[in-house]
Amino acid sequence: QVQLVESGGGLVQAGGSLRLSCAASGRTFGTYVMGWFRQAPGKERELVAAISRSGSYTYYSDSVKGRFTISRDNAKTTVYLQMNSLKPEDTAVYYCAADRTSAVHTTLDEYDYWGQGTQVTVSS
């Protein structure tokens, strides 16, 4: 089992940047595919980005492609989400999640462990 703790959220103006971090407990971090999801008020939780176990493969939703970058440091058991050129529509609670399987899945029901979330608010 792994425990996930997100940090780095906050209030930022449109066009600004934030870097989210997700620290994982345990020594098996490198065996998990990691994903960042977000959920805006009244909307379903959606995948923003995902990264393979080694970090060699990444996936981005169309809405963030070219603006967000997911990365991981297996030695530090941490996954990051660098968010640039933020827009008001990026406002949401952001969650990191871990998937025990080897494939990079894009649906939330494939992910086994979740963090508590961190709020990102982008003002116009």
Side-chain angles (χ1 to χ4, degrees):
Q1 190 164 350
V2 63
Q3 293 182 327
L4 305 172
V5 179
E6 303 96 334
S7 62
L11 174 64
V12 64
Q13 289 187 335
S17 297
L18 281 175
R19 188 194 196 201
L20 305 183
S21 299
C22 173
S25 64
R27 292 175 286 181
T28 59
F29 177 75
T31 66
Y32 293 97
V33 168
M34 299 299 298
W36 282 99
F37 289 77
R38 69 185 180 187
Q39 187 166 20
K43 295 189 177 181
E44 294 185 352
R45 193 172 299 188
E46 62 173 356
L47 179 67
V48 171
I51 189 166
S52 63
R53 294 170 170 179
S54 67
S56 61
Y57 174 78
T58 55
Y59 166 88
Y60 298 95
S61 68
D62 289 342
S63 61
V64 306
K65 199 172 295 182
R67 300 187 298 123
F68 291 11
T69 303
I70 188 171
S71 61
R72 67 189 297 162
D73 186 332
N74 286 346
K76 295 183 178 179
T77 65
T78 301
V79 61
Y80 306 96
L81 186 68
Q82 177 67 43
M83 305 185 295
N84 298 329
S85 302
L86 283 161
K87 304 175 182 181
E89 51 263 45
D90 295 318
T91 295
V93 178
Y94 283 71
Y95 300 87
C96 74
D99 180 354
R100 290 176 294 183
T101 63
S102 60
V104 175
H105 294 112
T106 60
T107 55
L108 62 87
D109 59 352
E110 296 286 352
Y111 287 78
D112 304 289
Y113 305 106
W114 293 83
Q116 82 289 348
T118 185
Q119 177 71 46
V120 171
T121 303
V122 184
S123 64
S124 57

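In what follows, residues are counted from 1 in the order of the sequence shown.
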Could you tell me the separation between the [atom1] atom of [X] and the [atom2] atom of [Y], rounded to the nearest 0.5 Å?
X: Tyr113; Y: Tyr32; atom1: OH; atom2: OH; result: 4.5 Å
X: Glu6; Y: Cys96; atom1: CD; atom2: SG; result: 4.0 Å
X: Gln116; Y: Leu4; atom1: CD; atom2: CG; result: 9.0 Å
X: Gln39; Y: Glu46; atom1: CD; atom2: CD; result: 9.5 Å

Original post:
Could Lys87 and Asp90 be called an ion pair, given the rule that one side-chain N must be under 4.0 Å from one carboxylate O?
Top reply: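 Looking at Lys87 and Asp90, the cut-off is not met.
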
For [X] and [Y], work out which heavy atoms get closest and say how close.
X: Tyr94; Y: Leu81; result: CD2-CD2, 4.2 Å
X: Val2; Y: Ala24; result: CG2-CB, 3.7 Å
X: Thr78; Y: Ala23; result: OG1-CA, 4.1 Å
X: Ser124; Y: Ala14; result: CA-CB, 4.4 Å
X: Ala40; Y: Ala92; result: N-CB, 3.8 Å

Establish whether [X] and [Y] are linked, either directly or via other cluster members, by ILVMFWY side-chain heavy-atom contacts under 4.5 Å.
X: Val64; Y: Val33; result: no
X: Val12; Y: Val48; result: yes
X: Tyr95; Y: Val104; result: yes
X: Val93; Y: Val120; result: no

Original post:
Can you pull the side chain to side chain donor-acceptor pair (under 3.5 Å) pairs that have at least one residue in residues 12-26, sequence neighbours excluded?
Top reply: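 Those involving residues 12-26 are Ser17-Asn84.
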
Original post:
Can you say whether the rings of Tyr111 and Phe37 are parallel (under 30°), tilted (30 to 60°) or perpendicular (over 60°)?
Top reply: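 Plane angle over 60°, so perpendicular.
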
Are [X] and [Y] side-chain neighbours, meaning at least one heavy-atom pair lies under 4.5 Å?
X: Arg38; Y: Leu20; result: no
X: Leu18; Y: Phe68; result: no
X: Leu47; Y: His105; result: no
X: Asp99; Y: Asp112; result: yes
X: Trp114; Y: Arg45; result: yes
X: Trp36; Y: Val79; result: yes
X: Thr69; Y: Tyr80; result: no

Is the side chain of [X] donor-acceptor paired with the backbone N or O of [Y] at a distance under 3.5 Å, no angle test?
X: Thr91; Y: Val122; value: yes
X: Ser56; Y: Ser54; value: no
X: Arg72; Y: Phe29; value: yes
X: Asn74; Y: Arg53; value: yes

Subject >> Contacts of Ser102 that satisfy side chain to side chain donor-acceptor pair (under 3.5 Å) - sequence neighbours left out >> reply: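 Per chain and number, Ser102 pairs via side chain to side chain donor-acceptor pair (under 3.5 Å) with no residue.
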
Subject >> Atom CD of Gln3 with >12 non-hydrogen neighbours under 6.0 angstrom >> reply: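 No.
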
